[in-house]
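Since the structure comes first, as structure tokens, the remarks are kept for the end.
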Amino acid sequence: MTSVDSAPVTSASGSDIRVRFCPSPTGTPHVGLIRTALFNWAYAKHTGGKLIFRVEDTDAERDSEESYEMILDALRWLGLHWDEGVDAGGEHGPYRQSQRGEIYEEVIQKLKDAGYLYESFATAEEIEARNVANGRDPRQGYDNFERDLTEEEREALKAEGRQPSLRLRVPDADLSFDDLVRGEITFKAGSFPDFVVVRPNGKPLYTLVNPVDDALMGITHVLRGEDLLSSTPRQIALYHALIAVGVADFVPRFGHLPYVMGEGNKKLSKRDPESNLFHHRDRGFLPEGLLNYLALLGWSIAPDRDVFTMDEMVEKFDVEDVNPNPARFDVKKAEAINGEHMRQIDAEEFPNRLVPYLQAAELVSTPVTDEQLATIRAASPLVQERMQLLGEAPGLLGFLFTETEALDYAADALKTLKAGAGETLTASYEALEALEDWATEPIEAALRAKLIDELGLKPRLAFGPARVALSGQRISPPLFESMELLGKDATLARVARLRDRIENEGA
RNA sequence: GGCCCCAUCGUCUAGUGGCCUAGGACACUGGCCUUUCACGCCGGCAACACGGGUUCGAAUCCCGUUGGGGUCACCA
């Protein structure tokens, strides 16, 4: 057996760096998982190395094809491209573990032949009972008691009908490694017992396939969640065995990324909607905005700046700068960052981003008509700088795609109508009806002349009723521009409609 | 409980021994701008967990305490 300290650690430091993203397809993509993907991606791009995308689908119970599709959808939506792996090909495939059975069998055989693996018959219940019987904490785990079972003892157990799992014989020595985000970490001998790598049915476990694939795929830097930190010494022990039997050439470097936390002080739960990437997409986050925010969870680009593009991140990102503290997912800040990106989107492009959200609300058709698109384009400049999420578009622009007769008045909008609102609308109607040049400037001039100068109203009171009449909302795009967009007929009809309603129902 | 990780404003962070009476951002808040809401601008509130060292000097280094988290699966 190789000594613990003698195995070579990778020396990759530039374009020879190979990182990987290897999710298990269970459930919907979690923002913490995406943050891990982002850091791996950024590190590969920054160093000129390669990102390998592998799928760890060895748990038939929980994995699903649907979940696998969602992960692909997520990475593509975000623009996190990989160089090698599922759907991209490469010389180390296949990249789905469910298709690598034969490879594992071969490795298991080598490890067995070299004496690194031994048969273990104890069940979880028996291990716990054994701890109790020996006066130890039941949570202590396996005590390696089957390491030196004799041939006769093993045969006897098998004769009872028991099928053994296979455990790796872990070196009885302290084990240290230099974590890329946390520095030197040492685990004391005995704190990482022999662990199961192959089920009794012969199927390998994550504890085996993850390092084996990393080794076979030449992964040099393993950047993953902090939850895997305590399994690192065992993995390194496995690496030593893999090197000894010629499967691996070196031990990779490890970097353990901090948790993404939720409310309270708990890891953001998969059950929390905020953990669901698609929940944020549905609400109207931009890929660039969400990615920017996620990058801030454990990393910062500069002391006085937190809005940046992915190109800028790639230029600056180094995993050694990642902060080891767990970070709380703050949706308010995420929205603010997203708002910054909304304003940075090219004005020509912005309307296109709105379309899917207006379609989801069934305000425009799919595909969108030329006329609808023209309206969206015209309205875009009015809303671009007042939105934080694309999902606000239906609320803000819905009135442009609603027939006057179908327009609903929001309760909080009606509440803003004070006494005299009816008269104000009548005056507005008169001023507008006489107008020939239907454009923002003249509309504003006419209304100001009538309502402010002539009637002496305060602007808020003068224009509030018309805003409700047009949009049905308390909050809307700028009024005069909205009138121009809506056209004279519809504007007059809406002003009259609300006025009539006030007169008939007392508002 | 054993092992391991973490510890700066409410939140995300900058800070790698003197530039720190601790900087930025979000949130909150006062004001300006203003046809609503935003945007923008100006201002405010607010932190080095605690205790020992080391040092001329510590948020920064060391030790301890406390607190939080993770892990100890034939799940990944």
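Here is how names work: the chains are called A, B, and so on, in the same order as the sequence lines, proteins then strands, and each is numbered from 1.
Base-pair partner of B:U16: not found among the strands shown (Watson-Crick or G-U wobble, both distances under 3.5 Å).
As rounded to the nearest Å, B:C45 and B:A25 have P atoms that lie 15 Å from one another. Between the P atoms of B:G44 and B:C26, the separation comes to 15 Å (whole Å). For the C1' atom pair drawn from B:C12 and B:A46, the interatomic distance equals 15 Å after rounding to whole Å. The P atoms of B:U29 and B:U66 are separated by 39 Å, rounded to the nearest whole Å. Nucleotides B:G18 and B:U71 have their P atoms positioned 38 Å apart, rounded to a whole Å. If you take atom C1' in B:C28 and the same atom in B:A47, they sit 16 Å apart, rounded to whole Å. With both ends at atom C1', the span from B:A27 to B:C33 equals 23 Å, rounded to whole Å. Taking atom C1' on both B:C9 and B:C5, the two are 24 Å apart, rounded to the nearest angstrom.
Counting any heavy atom pair closer than 4.0 Å across all strands shown, A:Glu385 reaches a base atom. Using a 4.0 Å heavy-atom distance criterion, A:Gly339 is classed as making no nucleic acid contact. When heavy atoms are screened at a 4.0 angstrom cut-off, A:Thr26 is found touching no nucleic acid atom at all. Residue contacts for A:Arg343: at a heavy-atom cut-off of 4.0 Å it reaches the sugar-phosphate backbone alone, with no base atom in range.
A salt bridge is absent between A:Asp330 and A:Arg328; no separation between the charged side-chain nitrogens and carboxylate oxygens falls under 4.0 Å. Ion pair A:Glu349/A:Arg353 flagged as a salt bridge, since at least one NZ, NE, NH1 or NH2 atom sits closer than 4.0 Å to an Asp/Glu carboxylate oxygen. Ion pairing of A:Glu392 with A:Arg386 is absent here, as no side-chain N (NZ or NE/NH1/NH2) approaches a carboxylate O to less than 4.0 Å. The pair A:Arg96-A:Glu65 meets the salt-bridge criterion, since a charged nitrogen lies less than 4.0 angstrom from a carboxylate oxygen.
Side-chain atoms of A:Arg182 stay outside donor-acceptor range of the base of B:C5, with no qualifying N/O pair under 3.5 Å.
Phosphate proximity of B:A76 to A:Thr207: absent, as no side-chain N or O sits under 4.0 Å from OP1 or OP2. The phosphate of B:C6 (OP1 or OP2) has no side-chain N or O of A:Asn323 nearer than 4.0 angstrom.
Between A:His30 atom NE2 and B:A76 atom C1' the separation is 14 Å, expressed in whole Å. Atom C1' of nucleotide B:C4 and atom CD1 of A:Ile236 are separated by 13 Å, given to the nearest angstrom. Whole-Å rounding puts the A:Leu294 CG to B:U11 P distance at 19 Å. If you take CZ of A:Phe254 and P of B:C5, they are 15 Å apart, rounded to a whole angstrom. Spacing between atom CG of A:Leu208 and atom P of B:C75 amounts to 13 Å, rounded to whole angstrom units. Rounded to whole angstrom, the span from the CG atom of A:Leu175 across to the P atom of B:C3 amounts to 17 Å. To the nearest angstrom, P of B:G1 lies 17 Å from CG of A:Asn131. Atom CD in A:Glu335 sits roughly 16 Å away from atom C1' in B:C39 (whole-Å rounding).
Considering only side-chain atoms of A:Asn325, the nucleotide from B:A7, B:C4, B:A76 that sits closest is B:A7. For A:Ile185, the side-chain atoms get nearest to B:C5 when compared with the rest of B:C5, B:U11, B:G1. The side chain of A:Ser300 lies closest to B:U13 when the candidates are B:A38, B:U13, B:A76.
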Does the protein touch nucleotides 24-36 of chain B at the base, only the backbone, or not at all? Give it as B, S and - per nucleotide, heavy atoms under 4.0 Å.
BBS--------BB
Going 5' to 3' along nucleotides 62-74 of chain B, which nucleotides have protein heavy atoms under 4.0 Å from the base (write B), which only from the sugar-phosphate (write S), and which from neither (write -)?
-------SSSBSB
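Ring geometry for A:Phe187 against A:Phe177 counts as parallel: the plane angle stays under 30°, on a 0 to 90° scale with 60° as the upper cut.
Checked against the 6.0 Å centroid threshold, A:Tyr293 and A:His280 do not count as a close aromatic pair. In this structure, the ring of A:Trp299 has its center less than 6.0 angstrom from the ring center of A:Phe308.
Within the structure, every pair that satisfies the side-chain hydrogen bond (donor to acceptor under 3.5 Å, both in side chains) test and touches residues 185-207 of chain A, not counting sequence neighbours, is listed here: A:Tyr118-A:Asp194, A:Arg147-A:Asp194, A:Ser176-A:Thr186.
More than 12 heavy atoms of other shown residues, nucleotides or ligands fall within 6.0 angstrom of atom NZ in A:Lys488. By the 6.0 Å contact criterion, NZ on A:Lys158 is enclosed, its count of non-hydrogen atoms from other residues, nucleotides or ligands being greater than 12. For CD of A:Glu160, the number of neighbouring non-hydrogen atoms (other residues, nucleotides, ligands) closer than 6.0 Å is greater than 12.
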